[in-house]
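Below is one structure, written out as structure tokens; the observations come after it.
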Amino acid sequence: METSQKQFKILEEKIPYKRFLTIVQRKIVSECSEMLFDIHLHSVEKQQQEFPDGRLIDWDICGHPHIRNPAFTVVFPFFSKNKTTSLISEYCQGPNEMKYGFASGGFDEKKHASIRETAVSELSEEANLKNGTLIPLYPEDSVGIAELKWGRNRFIPYLVIDPEIDETPGKQDDEEMIEMKTDITMKELKRLILSGEVMLPSVQTSIMAIEWLRKNGYLTAEDTLI
């Protein structure tokens with residue numbers, strides 16, 4: 001099944017606000033036909049986006065302050081002996097609630113040489129884990145998986161098999177509030193996902209990690225049935 005989608009041409013981007021997140025104003029034109037593009041080029045420069053039916057839409061795009069993709073990683077730890085994982089319960093400022101997810105965090109060019117190094121750092125800082133076999137679940141040299149409809153952030157999901165406890169984990173960010181949840185079975189994880197308590201990038205990572213584990217003999221269908 002073909003999953004790639006046609007993109008629109010970005011004419012201009014402006015950043016009116018930047019702090020923990022960046023708000024991007026973006027001008028886009030549809031390339032559905034060259035004639036449409038040529039006829040409406042000048043009017044599109046004064047608007048934000050032209051749809052094939054002629055509507056002109058003004059968008060605000062939200063994203064990571066560093067304006068690069070992939071912007072962040074999510075890391076699914078798997079412990080093969082007991083077929084379990086570890087979750088974090090983290091304060092989420094948008095819903096103003098504690099929500100479940102996996103260790104995740106943004107690429108920072110001052111701290112990380114690569115998106116893989118970002119995954120290793122976040123695993124230590126948020127999950128207090130290190131080492132193990134780190135497996136990318138999406139090509140590391142791609143821009144990553146889109147997080148949200150209205151966001152420009154994309155991420156790379158990882159699976160780490162049999163990590164160890166990190167006795168000297170990296171320092172968490174000052175604004176983070178995190179609690180560890182260990183020894184989570186695949187069935188328990190699925191119940192949490194179905195309850196709506198797991199953040200969406202971690203849901204995506206769970207699906208991809210469990211599929212990889214099943215295909216490679218670490219899990220059976222019975223392990224995930226509820």
Side-chain angles (χ1 to χ4, degrees), residues 18-22 62-82 84-145 147-148 151-184 189 192 197-206 208-209 212-213:
K18 178 177 179 180
R19 200 165 78 97
F20 287 106
L21 295 175
T22 298
C62 185
H64 191 279
H66 299 288
I67 307 295
R68 56 97 65 197
N69 274 310
F72 69 102
T73 66
V74 181
V75 189
F76 182 112
F78 181 75
F79 303 92
S80 60
K81 182 178 179 180
N82 298 319
T84 60
T85 187
S86 293
L87 286 167
I88 63 173
S89 177
E90 181 175 18
Y91 176 74
C92 298
Q93 64 271 35
N96 194 33
E97 296 173 349
M98 297 293 286
K99 291 289 187 182
Y100 290 107
F102 297 106
S104 63
F107 173 85
D108 184 343
E109 67 269 18
K110 296 178 182 178
K111 297 168 55 180
H112 310 129
S114 65
I115 197 68
R116 173 175 284 258
E117 190 171 307
T118 306
V120 172
S121 294
E122 294 301 326
L123 188 66
S124 173
E125 293 169 16
E126 296 192 351
N128 295 348
L129 296 171
K130 66 178 182 179
N131 298 332
T133 302
L134 188 65
I135 300 163
L137 300 170
Y138 201 79
E140 292 174 298
D141 59 354
S142 71
V143 295
I145 299 171
E147 179 186 16
L148 297 165
R152 75 188 312 279
N153 288 351
R154 292 172 176 266
F155 69 99
I156 301 294
Y158 284 89
L159 165 68
V160 60
I161 299 176
D162 292 329
E164 307 165 0
I165 298 296
D166 190 346
E167 301 293 348
T168 56
K171 182 180 181 298
Q172 294 179 7
D173 295 333
D174 292 338
E175 70 276 7
E176 291 180 321
M177 182 169 67
I178 293 174
E179 299 173 356
M180 295 296 305
K181 304 293 182 182
T182 60
D183 299 319
I184 305 294
L189 173 61
L192 286 170
E197 293 301 315
V198 181
M199 300 302 289
L200 291 180
S202 291
V203 173
Q204 173 80 39
T205 302
S206 295
M208 298 178 78
W212 190 98
L213 291 165

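Counting from 1, the numbers follow the sequence of the chain as shown. Quantities reported herein were computed from a predicted structural model and do not represent experimental measurements.
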**Q.** Under the side chain to side chain contact (heavy atoms under 4.5 Å, CB included) test, residues paired with Val74 that sit two or more places apart
**A.** Phe72, Phe102, Ser104, Phe155, Pro201, Ser202, Thr205
Q. Heavy-atom count around Leu200 CG within 6.0 Å, excluding the residue itself: above 12?
A. no
(Q) As an exercise, state the distance from CE of Met177 to CD of Gln172, rounded to the nearest 0.5 Å. (A) 11.0 Å
Q: Enter the distance from Leu189:CG to Tyr100:OH here, rounded to the nearest 0.5 Å.
A: 11.0 Å
Q: Give the intermediate values and the outcome of side chain to side chain contact (heavy atoms under 4.5 Å, CB included) for residues Leu213 and Phe76.
A: CA-CA 11 Å; Leu213 291 165; Phe76 182 112; 4.3 Å; yes
Using a 3.5 Å cut-off and no angle test, enumerate the donor-acceptor pairs between side-chain atoms of residues 160-167 and protein atoms at least two apart in sequence or in another chain.
| unit_1 | atom_1 | unit_2 | atom_2 | d |
| --- | --- | --- | --- | --- |
| Asp162 | OD1 | Ser80 | N | 2.8 |
| Asp162 | OD1 | Ser80 | OG | 3.1 |
| Asp162 | OD2 | Ser80 | OG | 2.7 |
| Glu164 | OE1 | Asn131 | ND2 | 3.2 |
| Asp166 | OD1 | Thr168 | N | 3.0 |
| Asp166 | OD2 | Ser124 | OG | 2.7 |

Q) If you round to the nearest 0.5 Å, how far is CD of Glu126 from CG of Asp173? A) 7.5 Å
Q: Mind checking salt bridge (charged side-chain N to carboxylate O under 4.0 Å, His left out) for Glu197 and listing every partner two or more places apart, or none if nothing turns up?
A: Lys99
Q.
Show the nearest heavy-atom pair for residues Glu122 and Thr73, with the distance to one decimal.
A. CG-OG1, 4.4 Å
Q) Considering residues at least two apart in sequence or located in another chain, which fulfil the salt bridge (charged side-chain N to carboxylate O under 4.0 Å, His left out) criterion with Lys171? A) Asp174
Q) Which salt bridge (charged side-chain N to carboxylate O under 4.0 Å, His left out) pairs, counting each pair once, include a residue from residues 103-113, with sequence neighbours left out? A) Lys111-Glu125
Q: Hey, could you give me each pair passing ring-ring contact (aromatic ring centres under 6.0 Å, His included) that has a residue in residues 121-141? Not counting sequence neighbours.
A: none
Q | Residue pair Cys62, Asn153: steps toward the side chain to side chain contact (heavy atoms under 4.5 Å, CB included) verdict | A | CA-CA 8 Å; Cys62 185; Asn153 288 351; over 6 Å; no
Q. Any idea which heavy atoms bring Ala209 and Leu159 closest together, and the distance?
A. CB-CD1, 4.2 Å
Q. How many angstroms lie between atom CG of Asn69 and atom CD1 of Ile145, to the nearest 0.5 angstrom?
A. 11.5 Å
Q: State which residues pass ring pair (Phe, Tyr, Trp, His ring centres under 6.0 Å) with Tyr158; sequence neighbours excluded, sorted by chain then number.
A: none
Q: Would you please name every residue forming a side chain to side chain contact (heavy atoms under 4.5 Å, CB included) with Ala127, sequence neighbours left out?
A: Ala103, Leu123, Leu129, Met180
Q) Is any side-chain heavy atom of Arg116 less than 4.5 Å from a side-chain heavy atom of Pro136? A) yes
Q. With sequence neighbours excluded, what pairs up with Glu176 under the salt bridge (charged side-chain N to carboxylate O under 4.0 Å, His left out) test?
A. none
Would you be so kind as to tabulate the donor-acceptor pairs closer than 3.5 Å made by side chains of residues 85-95, with sequence neighbours excluded?
| unit_1 | atom_1 | unit_2 | atom_2 | d |
| --- | --- | --- | --- | --- |
| Thr85 | OG1 | Pro77 | O | 2.5 |
| Tyr91 | OH | Asn96 | OD1 | 2.4 |

Q | Set of side-chain hydrogen bond (donor to acceptor under 3.5 Å, both in side chains) partners for Thr118, sequence neighbours left out | A | His112
Q.
Using the side-chain hydrogen bond (donor to acceptor under 3.5 Å, both in side chains) criterion, which residues pair with Lys130? Sequence neighbours excluded.
A. none
Q) So, for Leu137 and Met208, which heavy atoms are closest and what is the spacing to 0.1 Å? A) O-CE, 3.0 Å
Q.
Testing the basics here: between Ile115 and Pro70, what is the closest heavy-atom pair and its distance to 0.1 Å?
A. CD1-O, 3.7 Å
